[in-house]
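These figures come from a predicted structure and were not determined experimentally. No hydrogens, no waters, no symmetry mates; every other heavy atom, side chains included, goes into these values. Counting from 1, the numbers follow the sequence of the chain as shown.
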Amino acid sequence: MKTYDFVAIGGGSAGFNAARVAVSLGLKTAVVDGAKELGGLCILRGCMPSKTLLYMADVLHLARKGATFGLKIPRAGADMRAMHARKRKIIGEFADYRLQALTAGKFDLLRTRARFVDAHTLALSDGTRIRAKHILVGTGSKVSIPPVPGLAEANAWTSDDVLDLDFVPPSVIVLGGGIVACELAQFLRRIGSRVVLVQRSPNILRDHSPAASAVVQQAFVDEGIELFAGTQLQEVARDDRGFSVKFVRNGRVVRRRAAHLFNALGREPATGGLDLAAAGVRTAPNGRIGTNRWQQTNIPHIYAAGDCAGPAEIVHIAIQQGELAARHAAGVKRLKPVDYSLLLNVVFTDPQLATIGRLESDLAAAGVPFLVASYPFNDHGKSILMDANYGYVKVIAEPKRGRILGAEIVGQDAGELIHAFSGPLAMRATVFDLLRAPWYHPTLAEIVTYPLEDLADRIRPA
Ligand SMILES: Cc1cc2nc3c(=O)[nH]c(=O)nc-3n(C[C@H](O)[C@H](O)[C@H](O)COP(=O)(O)OP(=O)(O)OC[C@H]3O[C@@H](n4cnc5c(N)ncnc54)[C@H](O)[C@@H]3O)c2cc1C
């Protein structure tokens with residue numbers, strides 16, 4: 001039986017980066033991945049295909065707004081076959097690049113599925129077994145199907161199907177109001193579908209502040225998405241004309257029909273076939289694998305990272321966790337755990353929504369004193385000339401010394417602008433440090449200086 005120092009189950013963002021670091025630290029390493037197509041969720045069916053398509057839809061939206069800028073652009077429209085072909089080409093190149101890295105020979109790549117036999121032994125679906133001193137579980141997540149009557153039988157689209165469309169669907173009901181639901185609902189609307197979005201909580205993007213989600217919600221309504229929030233989904237049915245959905249809102253039963261149904265109600269850890277129990281690894285009630293701050297499970301030489309571990313389904317977190325686990329397994333000294341007080345989140349709707357660090361609700365709940373200041377995009381020179389008027393920039397700081405605690409941006413290119421805060425936050429910078437930095441005029445980024453100046457006026461040293 002072949003033995004290794006470090007085996008990553010899963011060659012996605014968590015597993016691949018863990019293996020890369022493990023090898024660089026001298027560990028004899030293997031990656032086991034049973035997917036037909038290698039690359040992981042981000043490259044194949046997540047971040048990269050979605051952002052490729054969303055960008056194309058943003059360009060289309062701008063072209064349609066040509067008259068606003070005094071331009072004559074006749075009949076801008078989506079050529080879905082061409083968009084699909086462009087996306088496939090780009091994603092194919094990213095996947096090839098990842099495949100090269102996986103097969104470069106620095107570690108063994110075993111293209112098979114793994115399951116635990118015991119805490120050090122894995123049975124592979126090719127009939128062989130391997131042993132490892134350290135094992136990282138990085139098996140990712142899969143679409144979940146909540147127990148809504150009719151949903152499982154309806155065989156609704158998932159994000160995989162929407163990302164692979166080569167035609168414009170006439171009408172789509174989107175179930176869910178999370179990031180994937182919102183990004184792809186707006187994409188579908190912009191390419192020309194009639195879109196109905198049905199969401200359980202009172203606001204879409206419920207992990208964000210009501211104020212931030214209200215901005216995105218308004219943009220959706222302005223673009224013609226029929227949006228129902230605060231609903232209880234009762235039933236889904238399918239017939240030869242399409243799908244119907246029944247839900248209750250404000251005590252009244254509402255029904256909607258569409259040619260297609262998109263289940264974007266969330267994802268769950270993909271740990272089903274692993275037989276974690278054989279290794280004694282415990283999972284939480286939500287199926288995630290519990291870990292400590294070094295990504296160790298309750299079995300100390302077994303680590304977990306990425307979507308199967310949580311707490312966030314975000315690529316850079318999966319990478320940080322995977323790398324940390326590999327360093328810990330290699331015995332690297334003076335490690336630092338992943339710092340979730342720097343959590344960075346981006347929603348690629350238009351307007352985009354981006355947050356970093358600790359926000360008002362979190363600080364208020366924890367009883368931490370803070371100051372907050374915000375400034376709207378519809379009063380900022382660069383955004384006005386771009387007709388990018390939705391949203392605001394909000395900065396949160398500690399009241400005595402002015403250390404930046406967090407920021408929330410909803411608006412044009414918020415996903416880029418939020419990075420004005422990531423370095424400063426990591427370096428524990430203050431409002432005064434940021435005001436000493438140069439801000440070029442006229443840029444979107446200089447909008448940040450308005451809330452900073454407001455805060456600077458109000459900060460009172462102890
Ligand atoms: C539509 C969509 C858009 C997204 N957009 C973004 C975004 O813009 N930004 C962002 O940060 N995040 C985004 N995400 C989330 C992001 O893609 C994930 O958080 C990330 O890819 C998870 O990486 P991972 O390594 O945990 O899992 P994965 O990349 O899914 O890797 C898991 C691997 O494990 C393999 N595997 C599973 N079980 C076994 C087994 N038993 N044996 C062997 N191999 C196995 C699988 O084949 C797979 O290759 C998006 C997700 C979706 C669905």
Would you say [X] and [Y] make side-chain contact, with heavy atoms under 4.5 Å?
| X | Y | value |
| --- | --- | --- |
| L44 | F94 | no |
| W157 | L261 | no |
| S50 | F348 | no |
| R255 | V245 | no |
| I356 | L343 | no |
| V393 | S374 | no |
| F262 | D161 | no |
| I396 | L371 | no |

Decide whether Q412 and Q352 meet the rule of one side-chain donor and one side-chain acceptor closer than 3.5 Å.
no
Judged by atom type as modelled, is there a donor-acceptor pair below 3.5 Å linking the side chain of [X] to the main-chain atoms of [Y]?
| X | Y | value |
| --- | --- | --- |
| N17 | S13 | yes |
| K394 | V410 | no |
| T231 | V198 | no |
| T297 | T291 | no |
| R238 | A154 | yes |
| Q199 | N203 | yes |
| D79 | A82 | yes |
| T355 | E408 | no |
| Q234 | K246 | no |
| S193 | V195 | no |

Determine the minimum heavy-atom distance between [X] and [Y], stating which atoms define it.
| X | Y | answer |
| --- | --- | --- |
| A185 | L197 | CB-CD1, 3.7 Å |
| Q295 | L324 | CG-CD2, 4.3 Å |
| L122 | A114 | CD1-CB, 4.4 Å |
| S383 | L444 | CB-CD2, 3.7 Å |
| A397 | L455 | CB-CD1, 4.0 Å |
| V315 | C47 | CG2-SG, 3.4 Å |

Using a strict 4.0 Å threshold on nitrogen-to-oxygen distance, state whether [X] and [Y] make a salt bridge.
| X | Y | answer |
| --- | --- | --- |
| D350 | R190 | yes |
| R257 | D239 | yes |
| K382 | E446 | no |
| R288 | E268 | no |

List the residues meeting ring-ring contact (aromatic ring centres under 6.0 Å, His included) with [X], not counting sequence neighbours, and say none if there are none.
| X | answer |
| --- | --- |
| F228 | F247 |
| W439 | none |
| F377 | none |
| H380 | Y450 |

Over 12 foreign heavy atoms within 6.0 Å of [atom1], [X]:
| X | atom1 | answer |
| --- | --- | --- |
| R249 | CZ | yes |
| E453 | CD | yes |
| R88 | CZ | no |
| K65 | NZ | yes |
| Y55 | OH | no |
| E93 | CD | yes |
| Y340 | OH | yes |

Hey, mind stepping through S125 and R113 against side-chain hydrogen bond (donor to acceptor under 3.5 Å, both in side chains) and telling me if it holds?
CA-CA 5 Å; S125 51; R113 292 185 67 76; over 6 Å; no
Measure the [atom1]-[atom2] distance between [X] and [Y] for me, rounded to the nearest 0.5 Å.
| X | Y | atom1 | atom2 | result |
| --- | --- | --- | --- | --- |
| L188 | H260 | CG | NE2 | 10.0 Å |
| E226 | R189 | CD | CZ | 10.5 Å |
| L233 | E235 | CG | CD | 9.5 Å |

Checking S209 against L359 for the side-chain contact (heavy atoms from CB on, under 4.5 Å) test, could you report, in this order, the C-alpha distance in whole Å, the side-chain angles of both residues, the deciding distance, and whether it holds?
CA-CA 9 Å; S209 73; L359 303 175; over 6 Å; no
Between V215 and L353, does a side-chain contact (heavy atoms from CB on, under 4.5 Å) hold up when you go through it step by step?
CA-CA 9 Å; V215 176; L353 195 175; over 6 Å; no
Using residues 163-181 as the side-chain source, report each donor-acceptor pair under 3.5 Å to any protein atom, sequence neighbours left out, with the distance given to one decimal.
from : atom 1 : to   : atom 2 : distance (Å)
D164 : OD1    : H84  : NE2    : 3.1
D164 : OD1    : K87  : NZ     : 3.3
S171 : OG     : A259 : N      : 2.8

Before you tell me yes or no, could you show the steps for D126 and R111 under salt bridge (Lys or Arg N to Asp or Glu O under 4.0 Å), namely the whole-Å CA-CA distance, both residues' side-chain angles and the distance that decides it to 0.1 Å?
CA-CA 9 Å; D126 63 7; R111 298 196 66 166; over 6 Å; no
By side-chain hydrogen bond (donor to acceptor under 3.5 Å, both in side chains) - contacts of Q217 (at least two apart):
none
Distance to the ring centre below 6.0 angstrom and angle to the axis at most 45 degrees; does that hold for R98 and F16?
yes
Show, in sequence, the C-alpha distance, side-chain angles and deciding distance for D222 and Y390, and conclude whether the side-chain hydrogen bond (donor to acceptor under 3.5 Å, both in side chains) test is met.
CA-CA 11 Å; D222 292 350; Y390 287 110; 2.6 Å; yes
